[in-house]
Amino acid sequence: MQSLMNRTVALVGCVTLVDATGHNHAIPVNFCTSFQQLNKMLQVLLEGDSIEAHVQRPYVEAGQYDFCIDDGKQLTRLTNHEWSNIATGTTIVMRVIFEQETTLSSGFDHEFDYKCHFCGTVNHIAVWSIAYSLERQAGCSFNCRGCKRRFQISREPPGAKQRTRSSNGNSTGGSDEDSEMQLLRNFLVRQSVVRDPPTFSCDWLVGENTTCGFEGPWDALRMHFMSHLPVVSNTPIKCHWQDCGLIMRRDNVTRHISQRHLRMRRRRI
């Protein structure tokens with residue numbers, strides 16, 4: 001197979017495929033006319049028993065990888081839906097994909113910090129590069145300040161369909177697994193944005209004109225203000241929420257607080 005490929009390369013020219021461990025492979029240009037063709041060629045290249053093939057195969061089998069053209073200034077992803085016309089001499093980079101969750105509030109100023117999956121170095125990333133990569137399937141990648149690995153950050157909006165999670169690069173396996181992971185050089189961190197739960201304040205009066213002041217998401221607040229109530233469930237009590245004073249049964253307090261004072265919808269209780 002390899003000798004046939006070499007003869008084909010000599011006749012039609014080739015592109016260079018850089019795998020996720022940084023190794024270069026000469027691929028006949030006529031095998032790169034679609035994502036499916038290049039994907040099949042990648043699987044052939046990873047059939048061997050080398051440690052590099054062993055490290056990358058699980059990502060390929062799980063679909064946790066992609067192809068891109070990275071000229072150092074702009075990165076263009078090559079997808080099943082968007083495939084560029086590949087010319088002889090083009091360098092295509094294969095990257096493994098790490099999935100990561102991030103909150104809606106993090107990383108939306110001018111820049112944010114990304115801690116490298118491998119060496120732990122903190123890299124300062126401009127937010128515009130993430131937004132651009134999402135809108136155009138392009139953008140730019142970066143070299144880690146510490147280990148010099150090449151990576152890109154992409155971000156999916158809240159509510160996007162979740163993919164199967166891959167390893168995050170911080171292996172908990174043995175030393176052999178850790179050393180194998182260190183062979184990876186090119187990767188994409190695909191972030192899924194999750195919304196922070198809203199925070200509420202407990203305005204239950206604990207003294208004259210003094211509110212409790214506890215703050216937290218609804219589940220934590222609901223557990224918290226039970227400490228303000230008597231133990232007996234059928235005892236009528238007075239709501240001491242600021243500016244209230246209604247009398248009710250103890251088992252109605254949760255709904256009363258959430259709907260009247262916190263303006264929450266009933267389905268969230």
Side-chain angles (χ1 to χ4, degrees), residues 64 97-117 120-135 153-172 188-269:
Q64 294 294 104
I97 297 175
F98 297 133
E99 302 284 358
Q100 183 182 70
E101 288 189 345
T102 187
T103 58
L104 185 65
S105 59
S106 64
F108 277 86
D109 295 323
H110 296 296
E111 65 179 21
F112 74 104
D113 293 337
Y114 164 68
K115 185 177 180 181
C116 178
H117 281 62
T121 299
V122 176
N123 296 269
H124 304 293
I125 308 299
V127 171
W128 69 264
S129 64
I130 294 178
Y132 188 74
S133 67
L134 286 176
E135 292 169 3
I153 307 287
S154 71
R155 180 168 290 179
E156 295 182 349
K161 184 178 180 180
Q162 298 295 307
R163 297 176 172 86
T164 302
R165 299 293 178 197
S166 69
S167 166
N168 64 5
N170 298 319
S171 172
T172 57
L188 167 68
V189 180
R190 188 163 55 196
Q191 295 182 336
S192 299
V193 178
V194 294
R195 296 184 183 276
D196 284 326
T199 299
F200 301 99
S201 297
C202 179
D203 287 342
W204 195 272
L205 293 172
V206 295
E208 187 175 355
N209 297 322
T210 303
T211 59
C212 168
F214 174 89
E215 292 187 350
W218 167 241
D219 288 342
L221 179 62
R222 179 171 55 181
M223 295 298 296
H224 158 76
F225 69 67
M226 289 300 178
S227 64
H228 295 307
L229 307 180
V231 176
V232 182
S233 61
N234 61 355
T235 303
I237 66 168
K238 179 180 180 180
C239 176
H240 289 283
W241 203 267
Q242 191 173 33
D243 300 324
C244 189
L246 289 177
I247 305 296
M248 68 197 73
R249 287 171 40 179
R250 183 185 184 277
D251 55 2
N252 288 334
V253 173
T254 298
R255 177 164 292 134
H256 168 75
I257 295 295
S258 62
Q259 294 184 9
R260 176 158 184 168
H261 298 306
L262 301 180
R263 306 297 182 186
M264 295 174 61
R265 296 179 180 178
R266 185 171 180 173
R267 63 181 176 83
R268 295 186 60 183
I269 300 175

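Quick note: residue numbers are just sequence positions, from 1. Just so it is clear, the structure is predicted and the values come from calculations on it, not from any experiment.
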**Prompt:** Hey, does the side chain of Asn123 reach the backbone of Thr121 with a donor-acceptor pair shorter than 3.5 angstrom?
**Reply:** yes
**Request:** Could you pull out all residues at least two apart from Glu215 that satisfy side chain to side chain donor-acceptor pair (under 3.5 Å)?
**Result:** Ser201
**Student check: side-chain heavy atoms of Cys202 and Thr211 closer than 4.5 Å** = no
**Request:** Please examine the side chains of Trp241 and Ile257, heavy atoms only from C-beta on, and report whether any two atoms are closer than 4.5 Å.
**Result:** yes
**Prompt:** CE of Met248 to NZ of Lys238: how many Å apart, nearest 0.5 Å?
**Reply:** 11.0 Å
**Prompt:** Would you say Tyr114 and Val122 make side-chain contact, with heavy atoms under 4.5 Å?
**Reply:** no
**Message:** Minimum heavy-atom separation for His256 and Cys244, please, with both atom names.
**Reply:** NE2-SG, 3.5 Å
**Asked** So, Ser227 side chain and Phe225 main chain: donor-acceptor pair closer than 3.5 Å or not?
**Response** no
**Request:** Applying ring-ring contact (aromatic ring centres under 6.0 Å, His included), name anything that partners Phe214, two or more places apart in sequence or on another chain.
**Result:** His224
**Prompt:** Say you draw a straight line from CZ of Arg260 to SG of Cys239; how long is it, rounded to the nearest 0.5 Å?
**Reply:** 8.0 Å
**Pair Ser154-Gln191, side-chain contact (heavy atoms from CB on, under 4.5 Å): steps then yes or no** = CA-CA 6 Å; Ser154 71; Gln191 295 182 336; over 6 Å; no
**Prompt:** Roughly how far, to the nearest 0.5 Å, is CG of Leu221 from OG1 of Thr199?
**Reply:** 10.0 Å
**Item:** With His240 via side chain to side chain donor-acceptor pair (under 3.5 Å) - residues at least two apart
**Value:** none
**Interatomic distance, Arg190 atom CZ to Gln64 atom CD [nearest 0.5 angstrom]** = 5.5 Å
**Asked** At what distance, to the nearest 0.5 angstrom, does CD1 of Ile237 lie from CG of Asp251?
**Response** 9.5 Å
**Asked** Relative to each other, are the rings of Phe200 and Trp218 parallel, tilted or perpendicular (30° and 60° limits)?
**Response** perpendicular
**Prompt:** Among all residues two or more places apart in sequence or in another chain, which pass the side-chain contact (heavy atoms from CB on, under 4.5 Å) test with Met226?
**Reply:** Leu229, Arg250, Thr254
**Request:** Would you sort out whether Glu99 and Val189 count as a side-chain contact (heavy atoms from CB on, under 4.5 Å), showing the intermediate values?
**Result:** CA-CA 6 Å; Glu99 302 284 358; Val189 180; over 6 Å; no
**Message:** Are Arg249 and Pro236 packed together at the side-chain level, in the sense that at least one heavy-atom pair is separated by less than 4.5 angstrom?
**Reply:** no
**Prompt:** Once you round to the nearest 0.5 Å, how far does CG of Asp203 lie from OG1 of Thr210?
**Reply:** 12.0 Å
